[in-house]
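Shown next, in structure tokens, is the structure this report addresses.
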Amino acid sequence: DYLADVLVRIAHETDVKKLTPHGWKAHFQAEVGERLRGAEKRLLGVYSAAGEVQGGVGDVQVGFKRRLRNFAQTLEALPSPGPGPGGPAC
């Protein structure tokens, strides 16, 4: 959480002390934690609405992996392009 957030804040934060690990924890950790929990709830809501999960973050990861696997299978099932522009040269 710290490193990713500091990399964003470094462009506009004028007080360098707030960007140290201790300064960040005191000034920004709660805000970032709330944003992460909100994002987690939104992800859970999306996957729950799709009927893919019933639990927490681990289930979201399982749902995401399932969607990714389905996407890969869809790509594999597509017919390969013939010779010509964008197709194999052999």
Point to revise | Val32 side chain near Arg9 side chain, heavy-atom distance below 4.5 Å | key: yes

Let me have the donor-acceptor pairs involving side chains of residues 17-24, under 3.5 Å, with sequence neighbours excluded, atom names and distances please.
| unit_1 | atom_1 | unit_2 | atom_2 | d |
| --- | --- | --- | --- | --- |
| Thr20 | OG1 | Lys17 | O | 2.9 |
| Thr20 | OG1 | Gly23 | N | 3.1 |
| Trp24 | NE1 | Asp5 | OD2 | 2.6 |

**Study point:** Leu7 atom CG: more than 12 heavy-atom contacts under 6.0 Å
**Key:** yes

